[in-house]
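Below: one structure, written as structure tokens.
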Amino acid sequence: MATLQRTNSCTDIGFTLRRQFGKPDFRPYQREIIEAALAGYDIYVQAATSFGKSLCFQLPAVVDTGITVVVSPLLSLMINQVEALRACGINASALNSNIPYPEKERIHRDLETGHPLTRLLYVTPELCSGSRFRERLQKVHEQKELARIAIDEAHCISEWGHDFRKDFKRLSWFRETFPTVPIMCLTATANPRLPKDVKEDTLNRWINNEQGYDIIVATTAFGMGIDKNNVRFVVHWRLPKSFEGYYQEAGRAGRDGNASYCFLYYSREDLERVTRMVKGDSKDGTSHQARLRSLQALALYCENITSCRHAEICKYFGEITIPECDFACDFDKDAEDLGERFREGLASEEWVSTQAMQGTYDGYYDDY
């Protein structure tokens, strides 16, 4: 069964951007990506966290007929984006384990019609493996109402990703079952080498800038899914488990283009603890070694005192063009002070090794 028939359209996507999303203009390359999406191409988008990747599938979903299915591993991001879309008058929904039963049934009934009113449906990769959801999506496709599939955080598809989830590898079902439906993959961290933390009302109040909710202290799983453009600083009290993870999390700051600050507290003791945790996470050889290499690259980044931080990040991700730092990192601001902190603030590798042999770090990260 063929997918939607696309024809050259005179739709003014700039007008849709202003009217529906309230944004004055596209950021660089957004227009080109959206036009390619509307033309029915498969698209891979790798861009920084401040790029505005979500708009690349949200705007086409508003312009096109049919439903766009968005696969995302981050529940808090789903909630955030669905609420923002509904505030713009766009029919968007999320389907995951946290959605109340009546809402789930409403969405399923909408899909069962074959002509859903929903324009954007956010789902987890785990849900996509379920037979009930697949059957309903096939019915939508039979009615030529499946516009496209968007896969967010696409680095998770690969075992080389820093937070790999097995159900991401099963998303090949989309291509096998719907070979003519366009697929868009989006990520900020692709590498060529490839408890609930806060109550939901607290999250919403922080996102909405309510007085008294200026700072959030939580695990990284919380912060990764937040689309809040005026975060002024991100502080890592502990060392992230990968270079990709650090880049994603630090990228939450300054998405509005204004000055922001990122602080990472690093110690070799912490590196030893995280290394033990990563080694205990997985026994699979390929994934295991890739994660350790990523962590080691992050440690070298932290202990680097001879070059610009921004240059090191670009180098890790294989970027050829390195933007000017403009004294934004600690090396360019005061290399002498950085060197002094390195010499006086880090424990020796021999001391850390001795402490590890004595079991000092055992169980330290049980609550991570």
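Not measured: the values here are computed from a predicted model.
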For the student: nearest non-hydrogen atoms of Cys56 and Ala37, plus distance: O-CB, 4.3 Å
side-chain hydrogen bond (donor to acceptor under 3.5 Å, both in side chains) contacts touching residues 23-36 (sequence neighbours left out): none
Backbone N/O of Leu120 and side chain of Thr118: donor-acceptor pair under 3.5 Å: no
Donor-acceptor side-chain pairing of Asn258 and Ser260 below 3.5 angstrom: no
Selection residues 110-121 - residue pairs positive for salt bridge (Lys or Arg N to Asp or Glu O under 4.0 Å), sequence neighbours left out: Glu112-Arg136
Closest non-hydrogen atom pair between Phe133 and Leu121, with its separation: CE1-CD2, 4.1 Å
Residues Ser348 and Arg268: side-chain donor-acceptor under 3.5 angstrom: no
Distance, nearest 0.5 Å, that separates CD1 of Ile67 from CG of Leu117: 9.5 Å
Whether His141 and Phe178 hold their rings parallel, tilted or perpendicular, with breakpoints at 30° and 60°: tilted
Verdict with reasoning, Lys53 to Asp152, per salt bridge (Lys or Arg N to Asp or Glu O under 4.0 Å): CA-CA 9 Å; Lys53 294 184 289 296; Asp152 205 3; over 6 Å; no
Polar side-chain atom of Thr177 near backbone of Trp173 as donor-acceptor pair, under 3.5 Å: yes
Under-4.0 Å salt bridge between Arg106 and Glu103: yes
Step-by-step salt bridge (Lys or Arg N to Asp or Glu O under 4.0 Å) determination, Arg341 to Glu303: CA-CA 10 Å; Arg341 286 190 283 119; Glu303 296 198 14; over 6 Å; no
Rounded distance [0.5 Å steps], CD in Gln138 versus CG in Leu146: 10.5 Å
Main-chain N/O of Ala328 paired with Asp326 side-chain donor or acceptor, under 3.5 Å: no
Residues Asn209 and Asn230: side-chain donor-acceptor under 3.5 angstrom: yes
Salt bridge flag under 4.0 Å for residues Arg309 and Asp332: no
Residues which pass ring pair (Phe, Tyr, Trp, His ring centres under 6.0 Å) with Tyr265, listed by chain and number, not counting sequence neighbours: Trp237
Gap between atom CG of Leu85 and atom CD of Gln81 - 0.5 Å precision: 6.5 Å
Hphob cluster co-occupancy, Ile13 + Tyr41, side-chain heavy atoms under 4.5 angstrom: yes
With sequence neighbours excluded, residues passing ring pair (Phe, Tyr, Trp, His ring centres under 6.0 Å) with Tyr246: His236, Tyr301
Ser294 side chain vs Phe243 backbone, donor-acceptor pair below 3.5 Å: yes
Donor-acceptor pair between Glu145 and Thr65 side chains, under 3.5 angstrom: no
Minimum heavy-atom distance Ser72-Met78, with the two atoms named: O-CE, 3.3 Å
Asn229 side chain vs Arg255 backbone, donor-acceptor pair below 3.5 Å: no
Contacts of type ring pair (Phe, Tyr, Trp, His ring centres under 6.0 Å), residue Tyr266, not counting sequence neighbours: none
4.5 Å side-chain heavy-atom contact, Leu171 and Cys128: yes
Residue among Ile99, Asn96, Val82 satisfying side chain to side chain contact (heavy atoms under 4.5 Å, CB included) with Tyr122: Val82
Gap separating the OG1 atom of Thr16 from the CD atom of Gln58, nearest 0.5 angstrom: 13.5 Å
Worked check of side-chain contact (heavy atoms from CB on, under 4.5 Å) between Val70 and Val123: CA-CA 6 Å; Val70 183; Val123 298; over 6 Å; no
N/O donor-acceptor pair under 3.5 Å between Arg291 side chain and Ser242 backbone: no
Set of salt bridge (charged side-chain N to carboxylate O under 4.0 Å, His left out) partners for Glu319, sequence neighbours left out: none
Nearest-0.5 Å distance that lies between atom NZ in Lys104 and atom CZ in Arg132: 9.5 Å
Donor on one side chain, acceptor on other, Tyr44 and Gln46, under 3.5 Å: yes
Donor-acceptor contact present, side-chain Lys228 to main-chain Trp206, <3.5 Å: yes
Glu269 and Arg273: CA distance, side-chain angles, deciding distance, salt bridge (Lys or Arg N to Asp or Glu O under 4.0 Å) verdict: CA-CA 6 Å; Glu269 298 95 315; Arg273 294 165 183 139; over 6 Å; no
Any side-chain heavy-atom pair of Phe331 and Ile305 under 4.5 Å: no
Value rounded to 0.5 Å, distance of CD1 in Ile43 from CZ in Phe57: 12.0 Å
For Gly66 against Ala147, the heavy-atom pair lying closest together: C-CB, 4.2 Å
Main-chain N/O of Glu210 paired with Asn208 side-chain donor or acceptor, under 3.5 Å: no
